[in-house]
Amino acid sequence: FFFQAEDGIRDAQESRGLGDVYKRQVHGVKKEENPQEARAKALKTSQEAMKSLTKASITELQKLAKPPQIVEEVATVCLLILGETKQDKQQWLKFKAIPQADLMKKLQQVNPDDLKLTKILKKKVDTMVAEIKLDQVITASFAAGKLFEWAQAIINLSLIHI
C-alpha cells in the first residue's frame with residue numbers, strides 16, 4: 001500500500017490513531033523546546049507528582065462523598081489513562097472503589113509509550129487542558145492536584161516522540 005501525500009507518495013505506515021497535528025500539540029511544552037528536554041521535563045514532573053501522592057492523600061481523596069466537579073474530572077482522566085474504556089456517571093464510584101495501594105501501583109506502572117489516546121481520552125485531555133488550571137484543582141484537593149500533574153505529564157510523555 002502507498003498513500004498519496006501532498007508532497008508525493010509515502011510508504012504505508014500504521015496509524016496510531018492521532019493526526020500528526022495533534023501529536024505536535026503537547027500541552028505545556030514550548031514549540032522551540034527540544035523533544036529530549038521536553039520528555040525529560042515531563043518525566044520529572046510525573047515522578048515528582050507520584051512522590052507527592054501518598055496512601056493517606058489518596059484515602060482522603062477517595063473519602064469525599066461528593067467531590068467538587070473538578071476533582072471528578074481529574075479522577076475520570078486518571079481512569080481513562082489506566083485503561084477504562086468508557087466514560088459514565090459512575091466514574092467517581094469506580095475511582096473510589098480502587099484500593100489505595102492498587103491505585104498507587106497502577107499509576108506507577110503506566111507506560112506513557114503504550115498509552116492509546118482514545119476519542120474519549122482525547123476529548124477529556126483537550127477539555128482538561130483548556131478549562132482546568134492546576135491551582136484550581138489544588139484548591140479543591142491537594143491529592144487531586146498531584147493526580148492532575150501526573151496525568152498531564154503522562155499524556156505529554158505519550159505525545160513526545162524522539
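Nothing fancy with the numbering, it's 1 onward along the sequence.
Put simply, the side chain of Thr76 does not reach to within 4.5 Å of the side chain of Phe95, judged on heavy atoms. Side-chain contact check for Asn156 versus Thr45: every heavy-atom pair is 4.5 Å or farther apart. Side-chain contact between Leu79 and Ile98 is present, with at least one heavy-atom pair separated by less than 4.5 Å. Side-chain contact check for Lys63 versus Thr59: some heavy-atom pair is nearer than 4.5 Å. Between Trp92 and Val71, some side-chain heavy-atom pair lies under the 4.5 Å cut-off.
For Asn111, the side chain to side chain donor-acceptor pair (under 3.5 Å) partners at least two apart in sequence or on another chain are Asp114.
Across every non-hydrogen atom of Leu82 and Lys106, the tightest pair is CD2-O, 3.6 Å. Closest approach of Gln136 to Glu131, counting heavy atoms only: OE1-O, 3.6 Å. Ala144 and Ser141 make their closest contact through N-OG, 3.1 Å (heavy atoms, listed as atom of the first residue, atom of the second, distance). Considering every non-hydrogen atom in both Ser158 and Pro112, the closest pair reads CB-O, 3.1 Å. Closest heavy-atom contact between Ala140 and Pro68: CB-CG, 4.0 Å.
Once rounded to the nearest 0.5 Å, the distance linking CD1 of Ile154 with CD1 of Ile81 reads 7.0 Å. Between the CD atom in Gln91 and the CD atom in Glu73 there is a gap of 10.0 Å [rounded to 0.5 Å]. How far NZ of Lys94 is from SG of Cys78: 14.5 Å, rounded to the nearest 0.5 Å. Rounded to the nearest 0.5 Å, atoms CG (Leu107) and CG (Leu147) are 6.0 Å apart. Rounding to the nearest 0.5 Å gives a distance of 12.0 Å between OG of Ser52 and CD of Gln47. Interatomic distance, Ser46 OG to Gln108 CD, rounded to the nearest 0.5 Å: 10.5 Å.
Among residue pairs with one or both ends in residues 49-58, none qualify as salt bridge (Lys or Arg N to Asp or Glu O under 4.0 Å); sequence neighbours excluded.
Environment of CD in Glu60: sparse, with no more than 12 heavy atoms of neighbouring residues, nucleotides or ligands closer than 6.0 Å.
The only member of Val74, Leu53, Val137, Leu134 that meets side-chain contact (heavy atoms from CB on, under 4.5 Å) when paired with Glu149 is Leu134.
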